[in-house]
Protein chains: 2
Amino acid sequence: MTSIISPDGTFSTETGATDRLLTPGEVARIFGVDPKTVNRWALTGKVPSIRTPSRQRRYLESEVRALLRGPGAFGA
Amino acid sequence: MTSIISPDGTFSTETGATDRLLTPGEVARIFGVDPKTVNRWALTGKVPSIRTPSRQRRYLESEVRALLRGPGAFGA
DNA sequence: AGGAAATCGGGTAATTAGGGTT
DNA sequence: GTTGTCCTAATTACCCGATTTC
């Protein structure tokens, strides 16, 4: 899976699908947790993350949504 | 029922109403029960839940409100 | 260029999951 | 069948100041 960064900040794949980059705060609101918790997920390898040149983290929307749909994400 | 994740992290329904996520403790206080009881409601399928990558549960406020309005809102 | 908001780090207190039990 | 409590380990939330982003 190769991704290309466009000037508008989106990610493009070979399929043409665009992938938005989410901030820690956005991911945090999705899961109802603190932004710090999202960073901890990145540190423990639960979520892949991209770092800005200033060490801030960004997350691929597709990865986040995959976690939401992950095994056991809904239901019990 | 289809939920859509907005850029701000909220869940939207077709009605346009946004949904925020509640912690087990918040749901427990709403119903005046122990958080463990809320946990069991999720396990028995009485209320749908979202799981964090670390297996903790979050609850859609709209689902919780629906339960408050009367039994039988889900399933039976 | 100035200000408000967000995101780093660390450190510590509070919450949660899960099992077994009452 | 349902709920509340006890226990431990794991996870998360809130505190601070400094840095980055918009």
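Per chain, numbering begins at 1; letters A, B, ... match sequence-line order.
- Distance CG (A:Leu21) to P (D:dC22): 11 Å, rounded to an integer number of Å.
- For the pair B:Asp34 CG and C:dT15 P, the interatomic distance rounds to 12 Å; values are reported in whole Å.
- Each side-chain hydrogen bond (donor to acceptor under 3.5 Å, both in side chains) pair with one or both residues in residues 47-58 of chain A, not counting sequence neighbours, appears once here: A:Gln56-A:Arg58.
- Linking Ile, Leu, Val, Met, Phe, Trp and Tyr residues whenever their side-chain heavy atoms come within less than 4.5 Å places B:Val38 and B:Leu68 in a single cluster.
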Would you mind writing out the side-chain donor-acceptor pairs for residues 23-35 of chain B within the sub-3.5 Å range, not counting sequence neighbours?
unit_1  : atom_1 : unit_2  : atom_2 : d
B:Thr23 : OG1    : B:Glu26 : N      : 3.2
B:Thr23 : OG1    : B:Glu26 : OE1    : 3.4
B:Glu26 : OE1    : B:Thr23 : N      : 2.8
B:Asp34 : OD1    : B:Lys36 : N      : 2.8

**OP:** Between protein and nucleotides 2-13 of chain C, map the contacts as a letter string: B base, S sugar-phosphate only, - none, heavy atoms under 4.0 Å, written 5' to 3'.
**Re:** -----SSBB---
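- Pair check for D:dA10 finds C:dT15; Watson-Crick or G-U wobble, both atom distances under 3.5 Å.
- Between A:Trp41 and D:dT12, a side-chain N or O to OP1/OP2 separation shorter than 4.0 Å is present.
- Straight-line distance from the CD1 atom of A:Ile50 to the C1' atom of D:dT20: 18 Å, rounded to whole Å.
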**OP:** Take B:Glu61 and B:Val64 through the test side-chain contact (heavy atoms from CB on, under 4.5 Å) and record every step on the way to the result.
**Re:** CA-CA 5 Å; B:Glu61 186 179 28; B:Val64 174; 5.6 Å; no
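- Shown here for B:Pro48 and B:Tyr59, the closest heavy-atom pair between the two residues is O-CD2, 3.6 Å.
- Look at A:Thr52 and you won't find any side-chain N or O under 4.0 angstrom from OP1 or OP2 of D:dT20.
- Here D:dT19 sits opposite C:dA6 as a Watson-Crick or G-U wobble pair (both hydrogen-bonding atom distances under 3.5 Å).
- With A:Asp19 contributing its side chain and A:Ser62 its backbone, the two residues share a donor-acceptor pair below 3.5 Å.
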